[in-house]
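For reference, the structure is listed below as structure tokens.
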There are 2 protein chains.
Amino acid sequence: MSPKVSKEHLKQRRAKILEAAKEVFIKQGYEHTTMKHVMEAANVSRGGLYQYFSNKEDLYEAILENNLSNEVTENQDSLENEVDSYWDLLMTRIFGDDMDPDDNMDPLAPSNLEFFITGRNDERRRMYGKARYQDGYKLYADVIKAGQQNGEFSLKYDSDIIARTIVSFIDGLAVEHAILPLEILKMKEQSELFVEYLKLALEVK
Amino acid sequence: MSPKVSKEHLKQRRAKILEAAKEVFIKQGYEHTTMKHVMEAANVSRGGLYQYFSNKEDLYEAILENNLSNEVTENQDSLENEVDSYWDLLMTRIFGDDMDPDDNMDPLAPSNLEFFITGRNDERRRMYGKARYQDGYKLYADVIKAGQQNGEFSLKYDSDIIARTIVSFIDGLAVEHAILPLEILKMKEQSELFVEYLKLALEVK
DNA sequence: TATTATAACGACACTGGTGTCGTTATACAA
DNA sequence: TTGTATAACGACACCAGTGTCGTTATAATA
């Protein structure tokens with residue numbers, strides 16, 4: 001139905017598929033979506049889909065890649081400009097601009113958990129997960145370190161450990177957010193308590 | 001090959017299967033184990049296995065049931081005898097007798113995460129998960145409440161929220177324990193920091 | 001010892017998902 | 001306008017896993 005198209009067209013098609021696929025994964029989760037689901041959502045034939053992605057794992061990794069690079073570009077220059085409050089910066093990194101832990105939850109998070117947990121015995125997947133974890137907590141560690149050097153935060157605890165704790169906290173919330181009905185979750189209260197905790201650990205204000 | 005056997009024999013056979021199945025799930029995870037794997041590990045035929053459990057979900061729930069009732073009986077009477085330190089009690093509830101967060105990690109935890117996360121769109125599974133969550137955090141909430149009434153803990157925060165935070169912390173660790181290679185994990189440091197946090201929140205000592 | 005209820009068996013049919021491949025239609029280059 | 005490279009298609013063969021069911025062997029019973 002269509003041949004020898006411009007690079008641009010190829011990119012767009014690919015992007016369309018990715019977008020559709022992402023929706024499907026969000027709705028159904030990683031394990032329970034099949035290539036057929038994606039085909040239907042993206043209006044591609046089987047053959048068409050496999051032209052772009054050689055299997056479900058490949059497809060999902062492409063989505064992860066996309067998301068990650070989005071986040072990185074979003075966050076990267078915020079440390080380069082001068083910062084008037086590292087605390088505020090840290091808070092927005094954790095909870096997003098609107099400070100709402102709910103809104104900041106990546107809708108793909110549950111699928112990500114699936115992807116990495118069910119794939120935990122696969123070497124490739126493990127390495128991938130490890131890399132993402134490192135990147136993830138470095139995001140926080142950098143802010144904390146900068147804040148410590150600046151004197152805004154106490155040096156009482158290693159920035160590394162605090163950063164890990166933040167990631168861990170978010171992972172914990174992600175699990176519960178994925179599993180539990182919202183009514184019983186009380187994300188806000190838990191987040192507030194966690195913030196108190198960070199204040200103490202960093203001896204802020 | 002064998003008929004009309006005593007109830008006892010049936011129970012033992014069932015228990016044997018469960019034990020073998022549990023090992024398989026621990027090793028392979030929930031999603032990637034098949035009934036065939038279990039058959040082989042438990043030395044049962046297909047028909048034999050299906051006589052006891054009507055599918056993988058059923059089988060897994062039986063294992064969960066087992067584990068849960070073990071834990072409950074382990075913990076239930078510790079609050080009835082008088083307690084000289086609720087803090088110590090809380091610590092052993094969280095970290096086990098030997099205070100080693102690593103050892104206290106349920107080897108089935110990763111599979112549990114799989115089970116509940118991949119099943120999050122299934123009504124039945126959701127309800128099941130919810131019930132377990134409630135039971136889980138009540139375990140901590142009760143100790144905290146008792147400690148607060150006793151005056152050992154501060155009333156500054158609601159016991160409920162603190163209990164949830166504990167569960168959340170454990171879930172977070174479980175995720176990372178499942179995914180990441182041990183070398184980069186630093187469970188101990190994270191746990192220690194968390195304990196500091198609890199001390200502050202409960203204003204203990 | 002003979003009878004019987006049934007635990008255990010394993011072949012089977014079925015399902016759903018995968019990746020491939022030969023074919024078709026067409027955007028671009030000449 | 002024609003020729004060609006190839007995007008897109010969908011039928012197909014294949015595989016892995018599931019749950020069932022008729023058969024077989026035997027522990028308990030009388």
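Keep in mind the model is a prediction, meaning the values are calculated, not measured. Letters A, B, ... are given to chains in the order of the sequence lines, protein chains preceding strands, and every chain is numbered from 1.
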Subject >> Within residues 34-57 of chain B, residues whose heavy atoms come under 4.0 Å of DNA chain C >> reply: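 Under 4.0 Å from DNA chain C: B:Val44, B:Ser45, B:Arg46, B:Gly47, B:Gly48, B:Gln51, B:Tyr52.
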[X]: side-chain contact (heavy atoms from CB on, under 4.5 Å) partners, not counting sequence neighbours:
{"X": "B:Ser159", "value": "B:Ile144, B:Lys145, B:Gln148"}
{"X": "B:Thr165", "value": "A:Gln190, A:Leu193, B:Ile161, B:Phe194, B:Tyr197"}
{"X": "B:Asp97", "value": "B:Thr92"}

Specify the separation, in whole Å, of atom [atom1] of [X] and atom [atom2] of [N].
{"X": "B:Asp58", "N": "D:dT18", "atom1": "CG", "atom2": "P", "answer": "13 Å"}
{"X": "B:Arg13", "N": "C:dT6", "atom1": "CZ", "atom2": "P", "answer": "17 Å"}
{"X": "A:Gln12", "N": "D:dA8", "atom1": "CD", "atom2": "P", "answer": "12 Å"}
{"X": "B:Lys7", "N": "D:dA28", "atom1": "NZ", "atom2": "C1'", "answer": "14 Å"}
{"X": "A:Leu10", "N": "D:dA8", "atom1": "CG", "atom2": "C1'", "answer": "11 Å"}

**OP:** Please say whether more than 12 non-hydrogen atoms of neighbouring residues, nucleotides or ligands are located less than 6.0 Å from NZ in A:Lys27.
**Re:**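 Not buried by this count: 12 neighbours or fewer within 6.0 Å.
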Subject >> Pairs involving residues 121-144 of chain B, ordered by first then second residue, that meet ring pair (Phe, Tyr, Trp, His ring centres under 6.0 Å) (sequence neighbours left out) >> reply: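 As it turns out, the ring pair (Phe, Tyr, Trp, His ring centres under 6.0 Å) pairs with a partner in residues 121-144 of chain B, which skip direct neighbours, are B:Tyr133-B:Tyr137.
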Got a list of side-chain donor-acceptor pairs under 3.5 Å for residues 29-40 of chain B, not counting sequence neighbours?
residue : atom : partner  : partner atom : Å
B:Glu31 : OE2  : B:Thr118 : OG1          : 2.8
B:His32 : ND1  : A:Thr118 : O            : 3.4
B:Thr34 : OG1  : B:Lys36  : N            : 3.3
B:Thr34 : OG1  : B:His37  : N            : 3.2
B:Thr34 : OG1  : B:His37  : ND1          : 3.4
B:His37 : ND1  : B:Thr34  : N            : 3.0

